[in-house]
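Just below is one structure, and these are the notes that go with it.
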Amino acid sequence: MTRDISVENLTKDEAQAELARLADLLANANTAYHTEDAPEMDDATYDALKRRNVAIEARFPALKRADSPSDQVGAVPADGFSKVTHAVAMLSLSNAFDAEDVEEFDGRVRKYLGLPADRTLAYTAEPKIDGLSLSLRYENGELVQAATRGDGAVGENVTANARTIADVPTVIADAPDVLEVRGEVYMSHADFAALNARQIDSGGKPFANPRNAAAGSLRQLDAEITRARPLRFFAYAWGALSAPLAETQKGAIDRLADLGFSTNPLTALCHSSAEMLAHYARIEEQRATLGYDIDGVVYKVDDLALQDRLGFRSTTPRWAIAHKFPAELAWTRLEGIDIQVGRTGALSPVARLQPVTVGGVVVSNATLHNEDYIKGLDSKGNEIRGGKEIMVGDWVQVYRAGDVIPKVADVDLSKRADDAMPFAFPTRCPECQSEAVREPGDAVRRCTGGLICPAQAVEKLKHFVSRAAFDIEGLGAKQVEQFYADGWIAEPGDIFTLQDRYGSGMQQLKNREGWGDKSAQNLFDAIEEKRAIPLARVIFALGIRHVGEAASNLIALHYGTWDAFEAAMQAAAAQKGEAWEDLIGVDGVGTVMAGSLVNTFAQEAERASIDRLVAHLTIAEAKRAGTSGSPVAGKTVVFTGTLEKMTRAEAKARAERLGAKVSGSVSAKTDLLVAGPGAGSKAKKAAELGIETLDEDGWLTLISGA
Ligand code: IVH
């Protein structure tokens with residue numbers, strides 16, 4: 001029995017045996033908790049075992065098991081919801097803002113599928129409900145789990161709460177054995193008003209809008225509170241399924257309605273972008289009288305086989321789009337302009353406004369983008385707003401669309417006061433006094449202070465702990481600011497030595513104001529838990545300019561491991577040669593992003609800071625999900641010439657789905673060339689290098705069945 005040996009005293013063999021025992025115990029406890037709804041272990045014991053597992057893995061990274069419990073987020077934190085890894089990711093939608101965007105969407109879908117303009121293509125059109133999404137898992141007709149979207153990959157387990165929602169059936173008949181129903185939890189206007197009246201009566205704080213009220217009500221640790229809140233649910237999509245629901249989107253929604261789910265009555269089948277736009281206009285007309293908030297119309301390709309072919313980009317489906325209602329507008333006075341310094345040194349002007357309600361939300365700050373924007377110019381020097389400059393004291397129009405940061409859109413010159421002041425944009429960083437410069441072609445003025453600029457350092461740290469990056473529970477923007485101000489952390493790597501420095505001794509975290517024994521230990525544990533982290537999160541967390549979440553995922557999949565990624569960034573430093581070509585060949589990486597990446601690794605101070613961070617981490621290899629059995633997983637494939645059975649975009653996406661890397665150029669690293677008619681220099685080079693070459697039919701045969 002190794003249970004009582006402290007982690008520091010374990011031998012390697014004992015550690016291995018103990019990791020196996022913990023994996024087994026925790027897996028059984030998870031099954032009991034999540035699927036049998038009969039917890040057999042109390043939360044504290046579960047947490048302690050999980051922490052022990054993490055501690056052993058941190059001491060013996062090489063022993064980490066493929067089925068490590070630390071990768072299976074199913075923990076039951078003492079003071080929060082347990083986590084649920086979605087069997088099928090919960091994605092978001094890309095947006096359209098006008099008729100042209102909708103027509104372009106239809107055009108893109110057709111182009112991808114290679115459909116001629118005269119071939120009718122059906123789409124569903126339905127309201128976009130302004131609530132929060134929920135995934136309901138039914139097994140053999142019984143509701144076994146309900147989870148929020150979370151970050152799309154991992155959500156929160158809100159099963160007990162979802163059971164209290166009248167629109168959520170707990171038992172359904174004649175359903176597939178496994179059925180995940182997805183939809184939106186929302187609150188009606190009438191219920192929202194009544195709830196807020198009750199909140200105020202009982203001395204509580206009212207909710208800002210029905211969506212916040214719905215989210216706050218669903219995420220109650222005590223399900224009895226949720227029961228007392230009038231939540232509703234519309235079903236509009238699905239996740240994992242053991243058998244298809246129908247052949248079309250509309251058919252599937254009808255099937256969900258037959259199974260007992262509420263589906264939106266304004267769902268229509270359209271046969272052209274003109275019909276979609278007409279249905280949009282109908283829904284917009286009824287918006288004010290629906291009795292619940294909607295913020296647009298969602299269009300989805302109706303044929304599910306075509307949806308399947310279209311597939312997904314990194315975070316959104318190609319087969320759907322949200323056509324948003326126009327933004328809300330209001331006029332107010334511009335009282336001042338503050339300059340904020342971002343993590344990449346950008347100086348951003350922020351409007352300080354006389355508070356004004358825009359579409360139900362009080363706005364007192366709004367972005368002014370950059371110095372040219374204030375002057376009435378776009379990034380190319382063309383006039384915007386008729387070239388009108390915005391001055392402090394002006395009467396300005398504020399624009400707010402959905403969750404987007406409000407912006408100042410216009411200025412009313414007829415109301416300009418005599419004492420209105422033009423804004424002098426600073427040429428020094430207001431935080432560190434370093435020179436702030438504009439590179440040719442950059443609309444943004446940037447602080448040149450780099451790592452010495454406290455604003456950049458703090459923003460980098462905030463980005464590092466943010467949700468899509470390290471997501472450390474208990475370490476948010478506020479804590480980062482305080483720790484930075486007191487010199488406790490100066491760069492990301494310092495987070496991982498916090499416990500060594502402030503867990504014991506003279507100065508301790510638990511003695512800080514607002515902290516105690518438990519919260520300090522929770523933070524140390526949360527940090528410990530993130531030492532083992534996926535590659536994509538690390539790349540994103542570095543906060544490199546132009547490198548967003550989607551690109552980080554693609555880059556991680558391309559290089560697989562941290563070592564390969566880091567070596568490639570150094571090899572590509574000269575911005576030419578094979579490593580550079582390989583980098584810019586990664587889908588979604590252009591020369592600007594690639595330049596930003598390699599420059600970061602070429603700067604000594606930045607590089608040293610990254611090295612100090614990485615020394616604390618166990619970075620998990622990035623692998624494409626579900627590609628086992630794929631004949632092309634991990635291979636580098638190049639397409640050239642004309643493809644006749646599918647478009648280049650579809651071929652590429654399909655190859656990537658099967659785990660292949662698709663590159664634009666042939667090199668010694670290429671494993672396979674797919675050459676259609678008209679293939680030229682690439683086919684020649686492949687032949688010279690002795691690379692296997694297939695025609696389109698050969699390729700389709702190779703991947704058929706995968
Ligand atoms: S379909 C794969 N349909 O909008 C995409 N989403 O901006 C599945 N939403 O996260 C989503 N009403 O929470 C879909 N009728 C509707 C919707 C809808 C609201 C939400 C959903 C999603 C977000 C994306």
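Atoms within a ligand are numbered from 1 in the order they appear, just like the ligands themselves. Count residues from 1 along the sequence.
With V301 as the fixed residue, the side-chain contact (heavy atoms from CB on, under 4.5 Å) test singles out one of L310, T124, D308: L310.
What sits closest to atom 11 (C) of ligand 1 on the protein, heavy atoms only, is Y236 CE1, 3.9 Å. With respect to atom 2 (C) of ligand 1, the closest heavy atom belonging to the protein is P317 CG, 3.6 Å. Looking at atom 20 (C) of ligand 1, its nearest protein heavy atom turns out to be E184 OE1, 3.5 Å. The protein atom (non-hydrogen) at minimum distance from atom 12 (N) of ligand 1 is I129 N, 3.0 Å.
Counting heavy atoms only, L91 comes closest to atom 10 (O) of ligand 1 of the residues V88, L91, L93.
Between K83 and E156 there is no salt bridge, since no side-chain nitrogen of the basic residue lies less than 4.0 Å from a carboxylate oxygen of the acidic one. A salt bridge does not link R287 to E284: none of the charged side-chain nitrogens sits closer than 4.0 Å to a carboxylate oxygen. E184 and K128 are not joined by a salt bridge, as no carboxylate oxygen comes within less than 4.0 angstrom of a charged side-chain nitrogen. Between K250 and D302, no side-chain nitrogen of the basic residue sits less than 4.0 Å from a carboxylate oxygen of the acidic one, so the salt-bridge criterion is not met. By the 4.0 Å N-to-carboxylate-O rule, R137 lies close enough to E139 to be salt-bridged with it.
Not a single N or O atom of S92, backbone or side chain, sits closer than 3.5 Å to an N or O atom of ligand 1. Of the polar atoms of E126, at least one N or O is found under 3.5 Å from an N or O of ligand 1, judged by distance alone. For ligand 1, the polar-atom distance check against V298 finds no nitrogen or oxygen pair separated by under 3.5 Å. For ligand 1, the polar-atom distance check against A237 finds no nitrogen or oxygen pair separated by under 3.5 Å.
Side-chain contact, D106 with Y123: a donor N or O sits under 3.5 Å from an acceptor N or O. A donor-acceptor contact closer than 3.5 angstrom links the side chains of S135 and R182.
Taking a distance limit of 4.0 Å, we find that atom 8 (C) of ligand 1 is approached by no protein heavy atom.
Heavy atoms of K300 approach ligand 1 to within less than 4.0 angstrom. Residue P127 places a heavy atom less than 4.0 Å from ligand 1.
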